[in-house]
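Worksheet: the structure to be examined is printed underneath.
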Number of protein chains: 2
Amino acid sequence: METMKEQQTANDGLTTEEKILAAAGKVFTRKGMAGARMQDIANEAGINKALLHYYFRSKEKLFDAIFEKTFQQFVPLMHLEFDSTDDFRQMLRNMVRLYVMMVKKSPYLPSFLLNEMHQNPDKIQHLLLKMNVSEFPKRLQIRFSEAGITGDPRQLLLTLISGVIFPFAAKPLLMPLFFGNNEKIFDRFIEDRSVFLEDLMLRMLVNREEDDINLDSDNSNFNNNAL
Amino acid sequence: METMKEQQTANDGLTTEEKILAAAGKVFTRKGMAGARMQDIANEAGINKALLHYYFRSKEKLFDAIFEKTFQQFVPLMHLEFDSTDDFRQMLRNMVRLYVMMVKKSPYLPSFLLNEMHQNPDKIQHLLLKMNVSEFPKRLQIRFSEAGITGDPRQLLLTLISGVIFPFAAKPLLMPLFFGNNEKIFDRFIEDRSVFLEDLMLRMLVNREEDDINLDSDNSNFNNNAL
DNA sequence: TTACTTATTAACCGTTTGGTTAAACTATTT
DNA sequence: AAATAGTTTAACCAAACGGTTAATAAGTAA
């Protein structure tokens with residue numbers, strides 16, 4: 001029998017703190033900060049409510065921990081992913097696949113993040129400073145320039161990300177409107193959408209250079225991204 | 001001095017009920033159902049809290065009124081817009097412009113709707129029945145077929161709508177990350193985006209027929225849209 | 001004016017909520 | 001074993017909340 005110093009592992013192999021974080025993540029992402037109840041989180045974690053305040057001082061502190069963790073799970077993906085692959089097209093493909101996978105696993109995430117971002121825009125400022133993403137727009141521009149893309153890379157990136165995330169964020173509407181409340185049909189649609197979006201990206205990249213339709217080539221306002 | 005029977009107009013030319021609805025709309029869209037307080041709504045309307053319960057019986061009833069109104073403002077736009085113009089490309093252009101205008105006017109709307117939709121997916125089912133949108137997917141398909149588009153029209157439509165809405169829904173993130181917290185730069189980006197999205201649509205329509213990249217032409221799962 | 005209906009308010013009520021406390025339980029140290 | 005530090009709980013608390021009530025004010029009809 002070994003002695004455990006820092007944290008003792010509970011019955012199911014999880015620290016109490018870990019159990020709290022898992023439960024809080026579940027409840028907060030579903031109900032949001034305002035809709036979540038501390039008692040619900042305690043029940044979900046199978047512990048006493050006072051323990052929540054013992055580990056995290058207040059509801060807001062606990063929420064902040066969850067929000068930060070969830071936020072970082074989302075945003076820096078592009079951050080990391082943009083350096084990993086040499087082939088530009090393959091990189092875009094990977095991004096689509098990665099985001100589809102992520103959102104598929106936890107469908108509440110997008111609307112949770114979007115909503116809480118609006119509720120506390122100040123916290124985002126702070127989070128973006130902690131993760132060092134201030135260089136991201138510059139790197140994004142360089143990456144696109146090297147690939148010979150002339151247009152505003154933000155337009156393309158936003159189209160890509162929104163294209164993946166939005167169907168999940170709007171699922172409760174799309175489900176009865178387009179998919180007859182059939183989960184399998186929805187899943188198949190998402191499968192098709194991955195291909196659709198990859199193809200969409202390729203079309204844009206290929207055509208953009210040789211085409212006469214000019215989209216504000218001198219995008220002079222791209223450098224104003226101070227923090 | 002005229003006599004008023006049905007509803008007397010208050011000092012500022014608005015019925016009390018109208019003042020309540022306006023105030024509730026403002027508070028609910030910003031704070032959400034769970035985050036909104038009846039007292040805040042009463043304050044915003046400049047009336048006593050009990051009046052809220054006098055006109056609408058409960059918080060949920062009041063919320064439902066706002067949610068329905070807001071929801072209908074959004075969804076049936078495509079519904080109406082899809083019949084108005086003969087020219088298919090012009091119609092898509094109009095849709096983009098219309099949605100940009102709408103969301104620009106009330107930036108909280110997208111994240112509010114997306115979030116509350118997740119919170120009560122059951123209510124959406126009911127709302128979709130009231131608005132008669134059951135025919136919409138069929139009409140959408142027909143409209144696209146007539147224009148000679150072979151791919152799944154839902155993919156294209158979703159790309160369009162998400163492309164417009166998402167930048168506003170994610171504005172608190174994009175603002176410091178891409179636009180240096182400068183509202184004017186953001187506005188200019190949205191202007192550019194309208195053009196970008198219109199161009200994007202045209203590219204897809206033009207190329208899709210003559211291209212060898214085949215995106216699941218036999219979209220057999222499109223007809224399963226019962227309600 | 002009188003009677004009556006509708007609109008509006010201040011005060012109140014029961015419940016829920018985030019948070020605290022003091023005691024009990026568990027492990028580690030001496 | 002005794003003392004100590006860390007963990008967990010039941011019970012409690014004040015504030016906030018949605019909702020009610022009883023009384024008042026305002027408009028309408030006779």
Side-chain angles (χ1 to χ4, degrees), chain A residues 1-67 116 119-120 123, chain B residues 1-28 30-67 116 119-120:
Chain A
M1 201 197 288
E2 71 272 293
T3 51
M4 299 157 287
K5 274 193 170 176
E6 303 271 312
Q7 288 265 33
Q8 56 263 73
T9 45
N11 36 11
D12 48 351
L14 287 174
T15 311
T16 304
E17 190 172 340
E18 288 171 342
K19 282 198 289 185
I20 292 179
L21 284 174
K26 207 171 179 179
V27 176
F28 272 133
T29 50
R30 273 162 184 68
K31 305 291 189 73
M33 163 64 166
R37 305 284 152 232
M38 293 296 267
Q39 188 61 61
D40 296 343
I41 297 175
N43 292 343
E44 177 74 33
I47 59 169
N48 189 282
K49 192 185 60 158
L51 262 186
L52 300 179
H53 293 92
Y54 178 76
Y55 282 91
F56 306 81
R57 292 173 53 85
S58 66
K59 185 188 182 184
E60 191 172 0
K61 290 264 173 55
L62 178 55
F63 172 79
D64 286 351
I66 297 298
F67 185 59
E116 297 300 339
Q119 238 64 72
N120 2 338
K123 280 177 184 165
Chain B
M1 204 196 285
E2 71 272 289
T3 51
M4 299 157 288
K5 275 192 169 176
E6 302 270 313
Q7 287 267 34
Q8 55 263 73
T9 45
N11 36 11
D12 49 350
L14 286 175
T15 312
T16 304
E17 189 172 341
E18 289 170 341
K19 282 198 289 186
I20 292 178
L21 284 174
K26 206 171 180 178
V27 176
F28 273 133
R30 273 160 184 69
K31 305 290 189 72
M33 162 65 168
R37 305 285 152 231
M38 293 296 267
Q39 188 61 60
D40 295 343
I41 297 175
N43 292 343
E44 177 75 32
I47 59 168
N48 188 283
K49 192 185 61 159
L51 263 186
L52 300 179
H53 293 92
Y54 179 77
Y55 282 91
F56 306 82
R57 291 174 54 87
S58 66
K59 184 187 182 185
E60 191 171 1
K61 291 265 172 57
L62 179 54
F63 173 78
D64 286 351
I66 297 298
F67 185 60
E116 297 300 338
Q119 238 62 73
N120 2 341

R30(A) and E44(A) ion-paired at < 4.0 Å = no
Taking the side chain of K49(A) as heavy atoms from C-beta outward, which of dT7(D), dT21(D), dG19(C) is closest to it?
-> dG19(C)
Calculate the interatomic distance between Y54(A) atom OH and dA5(D) atom C1'; express it in whole Å.
-> 9 Å
Residue pair T29(A) / K26(A): nearest heavy atoms and the distance that separates them | OG1-O, 3.1 Å
Crowded around Q39(B) CD? As in, over 12 foreign heavy atoms under 6.0 Å?
-> yes
d(CG, L52(B); C1', dG18(D)) in whole Å = 11 Å
Could you state the OH-C1' distance from Y55(B) to dG19(D), rounded to the nearest angstrom?
-> 18 Å
Return the minimal non-hydrogen interatomic distance between A42(B) and N48(B), and the atom names on each side.
-> CB-C, 4.1 Å
Just compare dT8(D), dA10(D), dT9(C) and give me whichever is closest to any side-chain atom of L51(B).
-> dT9(C)
DNA chain C contacts made by residues 28-45 of chain A, counting heavy atoms under 4.0 Å = A36(A), R37(A), M38(A)
Hey, is NZ on K31(A) packed in by over 12 heavy atoms from elsewhere, all under 6.0 Å?
-> no
So which of residues 56-66 of chain B are in contact with DNA chain C, with a heavy-atom cut-off of under 4.0 Å?
-> none
Candidates dG18(C), dG18(D), dT9(D) - which lies nearest the side chain of H53(B) | dG18(D)
dT8(C) phosphate, OP1 or OP2: any side-chain N/O from T16(B) under 4.0 angstrom?
-> yes
So, do M33(B) and E116(B) sit near enough that their side-chain heavy atoms are less than 4.5 Å apart?
-> yes
Partners meeting side-chain contact (heavy atoms from CB on, under 4.5 Å) with R57(B) (sequence neighbours left out) | K61(B)
